[in-house]
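Comments concern the structure below.
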Amino acid sequence: MIVRGAVLREMGLPKPYGESRPLRIEEVELAPPGPGELLVRIRAAGLCHSDLSVIDGSRPRVMPMLLGHEATGEVVQSEAPGFTVGDAVAFAFVPACGECGPCAEGRAALCEPGAAANTAGTLLSGVRRLDGVHHHLGVSGFADHAVVSARSAVKIDPALPPEIAALFGCAVMTGVGAVVNTAQVRAGRSAAVFGLGGVGLSALLGAVLVGAHPIVAVDVVPEKLELARSLGATHTVPAGSDAVEAIREATAGGADYAFETVGSGNVLEQAYAATRRGGTTVTVGLPHPSQSFSVPAVSLVAEERTVKGSYLGSAIPSRDIPRYIALYQAGRLPVDRLLTATVGLDNLNAAFDTLAAGTAIRQVLLL
């Protein structure tokens, strides 16, 4: 079949993207699903910094590529057990094979065949169903239809609005998961969140959910700080050189947990410095591969500090996505507050200008 979608053929084109138009709306031939795969009618797809980092070249991928990884849709053809036509699904951006070492240990985010497929721009099986175009993280959700591995899909409540359902595949699973799964924050422990995009605010929602206190939110955009306070942050701090001291003051000496969601080595150093003795720093952002960070080595031992990475929120998507949706439906996880705007395919480049400017939380493409 022929699908209409947003194809990136060259990374690193200059901003504004509304003028350079790195994403070209093209018709691409999509082969039918093979064994263990699904054909899905895409309903909505979120615009994420992980997409932007491919567009600007800071997260290099094989080209050309049909972007979009945070998406939801309806199954229209199933070649996989457990899925039938009409099922509503959300996608995880790491397909978990269920058989490799990390999968056997319950660490689906680190699936080795899944990581290899994502690097190669294929589905989990190693094939491409898009003619002459690579898949983005096994999804390629910026199109009206996608073929995906069933290992990338999670059945969800069909009553959930698509523009909300899409957010659970990346922003919510990553941010909330960093708090619940990676850090395992306990009630009454203090937390600081650096960066208030979709993932950062999801981490803040996760901290509120588990009863962290106090909760300090850090960003350069005043409107995001205001939103963070309305979502449960007890303190808000403008990003900059004074942020670390402000967090230490708000948390009586340093946060028990600090979450870095910006994708910056410098911000990661600040997050580490903002934790107390015995504190844990969790990094979620994806910096350019050339970036590094440094910490006083002795502090890791003498102060028993911990630095942890969190990918996909250390989630098991088939377990966590339905849980987080249920919490949203129960009023415990107000994910809808993260939705800034909905856009169409023809406005996608300009929407990425808005994302790059830091003025949006989550824009969602409706298809």
Side-chain angles (χ1 to χ4, degrees), residues 36-38 48 50 69-72 80-83 87 89-120 122-126 137-139 148-157 165-187 189 191 199 202-203 205-207 209-212 256-261 279-286 306-328 330 332-333 335:
E37 296 175 354
L38 310 170
C48 176
S50 293
H69 67 284
E70 181 185 80
T72 186
F83 292 88
D87 283 343
V89 294
F91 301 111
F93 60 85
V94 178
C97 73
E99 298 177 357
C100 68
C103 283
E105 295 174 356
R107 307 187 73 181
L110 301 183
C111 175
E112 292 166 347
N118 282 356
T119 299
T122 68
L123 300 184
L124 183 62
S125 63
L137 301 178
V139 179
V148 301
S149 167
R151 295 286 188 169
S152 295
V154 176
K155 288 195 288 188
I156 62 171
D157 184 348
L167 305 181
F168 287 89
C170 179
V172 177
M173 184 161 52
T174 299
V176 177
V179 173
V180 174
N181 297 325
T182 310
Q184 299 182 13
V185 176
R186 298 193 298 273
R189 304 298 292 273
V199 172
S202 292
L205 291 178
L209 175 72
V210 301
D256 293 305
Y257 299 92
F259 298 89
E260 184 279 319
T261 72
T280 297
T281 304
V282 178
T283 178
V284 180
L286 289 169
T306 301
V307 178
K308 302 187 75 172
S310 179
Y311 193 52
L312 196 75
S314 304
I316 300 174
S318 60
R319 175 195 68 190
D320 291 339
I321 289 178
R323 284 181 178 178
Y324 298 159
I325 288 174
L327 286 164
Y328 163 71
R332 301 281 307 281
L333 209 56
V335 171

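Remember, it's a predicted structure, so these values are computed and weren't measured experimentally. Along the sequence shown, the residues carry numbers beginning at 1.
- At a threshold of 4.5 Å between non-hydrogen side-chain atoms, the residues Val210 and Val180 count as touching.
- Here the CG atom belonging to Leu110 is positioned 8.5 Å from the SG atom belonging to Cys100, to the nearest 0.5 angstrom.
- A side-chain donor-acceptor contact under 3.5 Å links Glu70 to the backbone of Ala171.
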Before giving the answer on side-chain contact (heavy atoms from CB on, under 4.5 Å), spell out for Cys48 and His69 the whole-Å C-alpha distance, their side-chain angles and the decisive distance to 0.1 Å.
CA-CA 8 Å; Cys48 176; His69 67 284; 3.5 Å; yes
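- Pairing each heavy atom of Gly138 with each of Asn118, the nearest pair is N-OD1, 3.6 Å.
- Under the side chain to side chain donor-acceptor pair (under 3.5 Å) criterion, Thr119 pairs with no residue, sequence neighbours left out.
- With hydrogens and angles ignored, the 3.5 Å screen pairs no side-chain donor or acceptor of Ser152 with any backbone N or O of Val148.
- Of all heavy-atom pairs spanning Cys111 and Pro95, the tightest one is SG-O, 3.5 Å.
- Side-chain contact between Tyr257 and Thr306 is absent, with no heavy atoms from C-beta onward closer than 4.5 Å.
- With contacts defined as side-chain heavy-atom distances shorter than 4.5 Å, the pair Glu37/Leu123 qualifies.
- How far CG of Asp157 is from OH of Tyr328: 11.0 Å, rounded to the nearest 0.5 Å.
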Step-by-step side-chain contact (heavy atoms from CB on, under 4.5 Å) determination, Ile325 to Leu327
CA-CA 5 Å; Ile325 288 174; Leu327 286 164; over 6 Å; no
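- Across every non-hydrogen atom of Val179 and Ala203, the tightest pair is CG2-O, 3.3 Å.
- Nearest heavy atoms, Gly169 versus Phe93: O-CD2, 3.8 Å.
- Partners of Val172 by side chain to side chain contact (heavy atoms under 4.5 Å, CB included), not counting sequence neighbours, listed by chain and number: Leu167, Phe168, Val176, Ser202, Tyr324, Leu333, Val335.
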Which donor-acceptor pairs under 3.5 Å do side chains of residues 308-321 form with protein atoms, sequence neighbours excluded?
{"unit_1": "Lys308", "atom_1": "NZ", "unit_2": "Thr182", "atom_2": "O", "d": "3.1"}
{"unit_1": "Ser310", "atom_1": "OG", "unit_2": "Thr182", "atom_2": "OG1", "d": "2.7"}
{"unit_1": "Ser314", "atom_1": "OG", "unit_2": "Thr182", "atom_2": "OG1", "d": "2.6"}
{"unit_1": "Asp320", "atom_1": "OD2", "unit_2": "Asn181", "atom_2": "ND2", "d": "3.1"}
{"unit_1": "Asp320", "atom_1": "OD2", "unit_2": "Ile316", "atom_2": "N", "d": "3.2"}

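- Listed by chain and residue number, Asp256 satisfy the salt bridge (Lys or Arg N to Asp or Glu O under 4.0 Å) test with Arg189 (two or more places apart in sequence, or in another chain).
- Inter-residue side-chain proximity for Pro102 and Glu112 is flagged as met; some heavy-atom pair is nearer than 4.5 Å.
- Thr280 is linked by a side chain to side chain donor-acceptor pair (under 3.5 Å) to nothing, counting only residues two or more places apart in sequence or in another chain.
- Not counting sequence neighbours, Glu260 has no partner by the salt bridge (Lys or Arg N to Asp or Glu O under 4.0 Å) test.
- Looking at Lys155, its side chain never comes within 3.5 Å of a backbone N or O of Pro322 through a donor-acceptor pair.
- Closest approach of Phe83 and Leu38 over heavy atoms only: CB-CD2, 3.7 Å.
- Nearest heavy atom pair, residue Phe259 against residue Ala191, reads CE1-CB, 4.3 Å.
- Using a 4.5 Å heavy-atom threshold, the side chains of Ile156 and Val89 count as separate.
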